[in-house]
Amino acid sequence: MSEEQPEQYLAQHIETKWQKIWGDTGIDIANEDAADTRPTYYCLEMFPYPSGNLHMGHVRNYCLGDAVARYKRMQGFNVLHPIGWDAFGLPAENAAIKHGKPPAEWTYANIGQMRVQLKRLGLSYDWSREMATCQPEYYRWEQWMFTKLMEKGLAYRKEAEVNWCDPCHTVLANEQVEDGVCWRCETPVKRKNLAQWFIKITDYAEELLEDLNHLSGWPDKVVGMQRNWIGKSSGAEVSFKVEGSDETLDVFTTRPDTLMGVTYMAVAAAHPLAVKAATTQAQEGNDELSVFLEVCGKISTKEADVETMEKKGMALGIHAIHPVSGEAVPVWVANFVLMSYGTGAVMSVPAHDERDYAFAKKYALKIKQVIQPKSGEWDIAEAAFSEAGVLINSAEFDGLASGKAKKTITHWLKVNGKGEERVQYRLRDWLVSRQRYWGAPIPVVHCVDCGTVAVPDDQLPVVLPEHLQPTGGSSPLAECEAFVNTTCPSCGKDAKRETDTFDTFMESSWYMNRYTSTHCDTAMLDGKAMQKWAAVDQYIGGVEHAVLHLLYARFYHKLMRDVGLFDADAEDANNVGRNKVGSEPFKNLLTQGMVLLDGTKMSKSKGNTIDPADIIQKYGADTARLFTLFAAPPERDLEWKDEGVEGASRFLARVWRLLDKVDKTYQGTANAKATKTLKRTIHTHIQRVTHAFEHGFAFNVAIAAMMELSNALSAFDACDDEGKAVFAEGMAALVTMLSPLVPHFACECGEKLGFKTVAVMTAWPEVDEAALVQDEINLVVQIQGKKRGEIVVSPDVSQNDAFKAVQADENINKWLENMQVVKVILVKGRLLNIVVKPT
RNA sequence: GCCGGGAUGGCGGAACUGGUAGACGCAAGGGACUUAAAAUCCCUCGAAAUUACUUUCGUGCGGGUUCGACUCCCGCUCCCGGUACCA
């Protein structure tokens with residue numbers, strides 16, 4: 001053997017080795033020691049549902065989070081990076097029915113399997129805080145919280161028309177109905193009247209809306225979606241008298257300025273006035289109206305139907321009295337008026353609302369124009385005028401501009417007791433009860449004498465029996481007598497437990513805060529721990545939770561604050577000026593894109609998946625991590641490419657081979673200039689990589705910069721001591737900066753390079769400003785803004801000297817022949833632009 | 001309809017507060033090494049013109065501001081995501 005064979009990069013071997021070392025040394029554990037005065041940083045990824053298998057979406061999510069957590073550790077933060085399991089939910093019950101095993105068994109087995117898969121990726125989680133939401137130690141506090149909310153009147157049981165999904169055999173919250181179908185099984189939901197438990201999120205509508213303005217670390221998209229969902233509109237409630245009756249017909253309008261243009265009223269099919277009119281007419285032998293109402297009631301709320309649905313209506317045969325003019329206007333029932341929004345009735349102003357206009361045209365109802373454009377004419381026979389303008393035909397309000405008229409008319413209504421200013425939200429109270437078994441029991445007892453009674457603190461948790469076997473249909477909990485039969489906490493007599501369980505979004509609404517105090521068994525949260533770690537500095541997950549989980553968690557955080565579990569304004573000594581708990585749970589949000597294969601989302605049902613386990617098996621976890629971080633910016637969709645994975649793998653192998661170059665003698669000659677250039681390249685690249693990490697976690701850009709640095713090191717070939725030292729410095733910087741992304745690889749390289757600390761705990765490299773200074777630069781020369789050449793000058797050359805250098809340069813100077821120089825602009829360190837005109 | 005985001009080579013994507021457009025990677029083509037293959041290394045790679053030096057055009061479209069525009073302003077087109085008979 002004449003030459004030593006370079007050692008091969010063996011990912012599997014290295015990865016097992018380092019995972020063991022990290023585990024043994026506990027470097028990923030968030031330090032609770034008061035003597036640790038580092039500022040804290042809380043990095044969290046949306047915790048997984050334990051379906052049994054890690055998919056590429058998970059891999060991407062957790063690799064992004066891990067890169068953030070590791071980077072922050074290297075920046076000197078005491079990092080909290082926890083993981084756990086969103087363990088309750090319907091899939092476990094479905095699997096239980098299929099396999100004939102209780103959901104608990106299936107769930108715990110899956111957790112075991114997925115834990116191994118996560119560990120195999122080398123993610124730097126603080127496993128000491130691992131928790132599963134199906135554990136009584138966890139949901140106990142959710143139950144406790146619920147009883148507090150009952151005390152405060154924020155949780156209540158009410159019979160209401162709710163969304164029901166047949167296959168899931170349960171009710172759903174509004175947020176879980178998408179386009180009229182169940183968010184999970186895509187079956188059209190039905191409307192049913194049932195007594196259900198709600199939490200008053202509507203009490204927090206204004207704060208939830210207002211605080212969106214301060215979430216500057218959230219994507220505009222998500223903020224917009226939530227704003228839209230809360231759906232605030234301001235206007236007035238107007239009270240019309242029903243002719244020949246003491247009843248009133250109340251409506252909400254955002255356009256009180258058009259009040260004088262009301263020519264009819266429209267109510268929903270389920271509105272009491274419509275129902276009453278139908279009954280009256282039926283008694284008189286006319287059931288036309290009853291039939292119409294019935295048809296309206298059956299109509300699906302699916303969007304496709306809504307768009308094509310013809311606007312239909314029928315006159316109720318009754319009239320309402322206009323509050324200002326006293327005129328009687330007909331009341332109609334219309335299929336486009338929703339009982340569930342506002343008062344279930346609208347005042348119709350066909351002249352100034354397109355929908356009312358179409359309806360009026362169809363049924364030959366009166367159209368009265370009361371607004372005209374500020375300038376120009378409007379032919380109301382042609383179309384509705386739905387913009388703001390100036391009032392006409394409005395008696396005493398004539399001449400007012402729309403904006404002013406809204407206030408004036410609303411004021412008039414208030415003074416005359418016929419209405420008032422009103423704010424309307426689209427948001428509805430959160431329906432939290434589910435007719436399912438695999439969930440946290442609602443801590444309530446039904447007593448014949450005392451009614452619904454909250455289970456007191458000392459009897460919590462109400463433990464879910466884990467051995468039951470669902471068979472489909474209704475919850476086995478209701479048939480479990482040992483669970484159902486109990487005594488009333490209030491009077492001691494026999495009573496029955498509530499057998500509904502909580503929506504699983506209840507558990508995921510507060511887990512981020514519980515991680516600060518995972519093992520606290522005396523309270524839901526430890527206020528001091530919250531102060532130290534909360535709120536989450538960086539949250540990472542999919543955008544599909546924009547109005548579900550992310551809205552509920554914001555709400556729940558405020559509830560926890562108001563129950564007194566933490567002080568939103570208190571500052572931790574280590575975090576003064578940067579990290580109060582605050583009223584929002586997530587300071588910064590990154591919504592990562594999907595993982596695609598051939599342009600469509602990877603999914604089991606479509607059969608276009610790549611199993612992360614196969615990739616890890618073939619290339620190692622580091623290659624998988626590097627590829628997912630490099631192939632696309634975090635928030636954009638990522639197209640999976642096998643060739644790209646190969647590329648990532650090749651890059652690691654190249655860096656690996658470069659290690660051999662350190663301390664070896666090469667045949668290149670000592671070259672002080674090349675050494676200086678390399679030193680500068682190292683430090684400009686430290687600067688660029690750091691910049692990419694700091695601005696939107698642009699890991700793709702950071703990796704590109706590291707590849708450039710690697711290329712520069714590869715091309716370097718100097719044999720003197722100075723050159724070798726700079727080369728070694730470059731290798732150390734490269735390996736250090738790689739460690740948040742490919743931690744096993746970096747640790748192994750670090751060990752070979754003789755790092756004093758393990759690479760993942762090495763301080764992030766600092767930019768040496770002195771190394772950035774250049775003796776001379778290539779200054780770009782432009783004529784009329786077009787590049788015509790470059791000159792070599794001192795970086796702080798004066799404009800005059802630069803211009804003289806240009807005149808001395810033949811190639812550039814030819815562009816100045818027969819030209820008169822009008823203006824010269826020097827951009828320091830970049831370019832010289834010469835503006836000329838022909839002489 | 002409304003809200004948000006896009007449009008840059010064959011592809012994924014770079015370009016800091018306006019200052020050399022196409023970094024980095026992938027794919028493709030050519031070459032070196034090898035009996036051969038793999039691996040590795042080197043070269044080319046927006047379009048057109050030109051023997052060459054080079055030149056002209058070029059960041060969805062049309063205008064504008066500027067010495068200079070992927071970047072700023074005005075007006076469009078198309079694509080993606082969300083959402084709605086919301087009164």
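To find a chain, count down the sequence lines: A is the first, B the second, and so on, and within it residues start at 1.
At whole-Å resolution of the value, NE2 in A:His691 and C1' in B:U17 are 10 Å apart. Look at CH2 on A:Trp183: it is 16 Å from P on B:G82, rounded to the nearest Å. A:Arg688 places its CZ atom 9 Å from the C1' atom of B:A14, with the value rounded to the nearest Å. Distance, A:Ile703 CD1 to B:G12 P: 18 Å, rounded to whole Å. Atom CZ in A:Arg657 sits roughly 8 Å away from atom C1' in B:A39 (whole-Å rounding). Between the CG atom of A:Leu209 and the P atom of B:C3 there is a distance of 16 Å, rounded to whole Å. As a whole-Å value, the separation of A:Asn228 CG from B:A84 P is 8 Å. Here B:G19 presents its P atom at 14 Å from CD1 of A:Ile825, a figure rounded to the nearest Å.
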Return a table of donor-acceptor pairs under 3.5 angstrom between the side chains of residues 809-816 of chain A and protein atoms on other chains or two or more places apart.
from	atom 1	to	atom 2	distance (Å)
A:Asp809	OD1	A:Asn811	N	3.0
A:Asp809	OD1	A:Ile812	N	3.2
A:Asn813	ND2	A:Gln807	O	3.3

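Counting only residues at least two apart or in different chains, salt bridge (charged side-chain N to carboxylate O under 4.0 Å, His left out) contacts with residues 684-701 of chain A comprise A:Arg688-A:Glu708. Among residue pairs with one or both ends in residues 788-797 of chain A, those qualifying as salt bridge (charged side-chain N to carboxylate O under 4.0 Å, His left out) are A:Lys787-A:Glu790; sequence neighbours excluded. Within the structure, every pair that satisfies the salt bridge (charged side-chain N to carboxylate O under 4.0 Å, His left out) test and touches residues 212-235 of chain A, not counting sequence neighbours, is listed here: A:Glu206-A:Lys232. A salt bridge (charged side-chain N to carboxylate O under 4.0 Å, His left out) check over residues 330-351 of chain A, counting only residues at least two apart or in different chains, returns nothing.
Look at A:Arg654 and you won't find any side-chain N or O under 4.0 angstrom from OP1 or OP2 of B:U40. Contact between the side-chain N/O atoms of A:Arg355 and the OP1/OP2 oxygens of B:C86 is found at a separation under 4.0 Å.
Under the 90° criterion around 0 for the glycosidic angle, B:G9 counts as syn.
Counting any heavy atom pair closer than 4.0 Å across all strands shown, A:Val337 reaches a base atom. Using a 4.0 Å heavy-atom distance criterion, A:Glu354 is classed as making no nucleic acid contact. Note on A:Val835: only backbone sugar-phosphate atoms sit closer than 4.0 angstrom, heavy atoms only; bases stay farther off. Within 4.0 Å (heavy atoms only), A:Asn711 reaches sugar-phosphate atoms of the nucleic acid but no base atom.
Remark: A:Trp218 pairs with no residue by the ring-ring contact (aromatic ring centres under 6.0 Å, His included) rule, at least two apart or across chains. Shown here are the side-chain hydrogen bond (donor to acceptor under 3.5 Å, both in side chains) partners of A:Gln774, two or more places apart in sequence or in another chain: A:Arg680. For A:Phe627, the ring-ring contact (aromatic ring centres under 6.0 Å, His included) test picks out A:Trp640, with sequence neighbours left out. With sequence neighbours left out, the ring-ring contact (aromatic ring centres under 6.0 Å, His included) criterion links A:Phe699 to A:Phe693, A:Phe697.
If you check B:C85, B:A87, B:G13 against the side chain of A:Lys311, the one that comes closest is B:C85. The nucleotide whose nearest atom lies closest to any side-chain atom of A:Lys823 is, among B:C67, B:C24, B:G5, B:C67. If you check B:A84, B:A87, B:G82 against the side chain of A:Thr253, the one that comes closest is B:A87. Relative to the side chain of A:Glu708, the nucleotides B:C24, B:A15, B:A87 differ in distance, and B:C24 lies closest. Taking only side-chain atoms of A:Val827, from C-beta outward, the nucleotide of B:U40, B:A14, B:G19 with the closest atom is B:G19.
Considering CG of A:Leu413 and CD of A:Glu421, their distance stands at 11.5 Å, rounded to 0.5 Å.
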Readout for nucleotides 52-60 of chain B: B = base within 4.0 Å of protein heavy atom, S = sugar-phosphate only, - = neither; 5' to 3' it is ---SSS---

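Taking the P atoms as reference points, B:G22 lies 10 Å from B:G46, given to the whole Å. One P atom belongs to B:C86, the other to B:U71, and the distance between them is 37 Å to the nearest Å. Taking the C1' atom of each, B:C72 and B:C53 are spaced 38 Å apart, rounded to whole Å. Spacing of P atoms, B:U50 relative to B:C11, comes out at 26 Å, to the nearest Å.
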Canonical and wobble pairing (Watson-Crick, G-U, under 3.5 Å) of RNA chain B, dot-bracket with | | (((((((..(((......[....))).(((((.......))))).((((....))))..(((((..]....))))))))))))....

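Between A:Glu776 and A:Val793, every side-chain heavy-atom pair lies at or beyond the 4.5 Å cut-off.
For A:Asp429 (side chain) and A:Thr202 (main-chain N/O), a donor-acceptor pair under 3.5 Å exists by modelled atom type.
Contacts between residues 631-646 of chain A and RNA chain B, defined by a heavy-atom separation below 4.0 Å, involve A:Ala631, A:Pro633, A:Arg636, A:Glu643, listed by number.
Between the side chains of A:Asp598 and A:Asn608, not a single donor N or O lies within less than 3.5 Å of an accepting N or O. A donor-acceptor contact closer than 3.5 angstrom is absent between the side chains of A:Thr343 and A:Asp250.
Heavy-atom distances to RNA chain B give each of A:Arg650 and A:Asn833 a nearest nucleotide, and the one nearer the 5′ end belongs to A:Arg650. Nearer the 5' end of RNA chain B, as judged by each residue's closest nucleotide, is the contact made by A:Leu831, out of A:Ala648 and A:Leu831.
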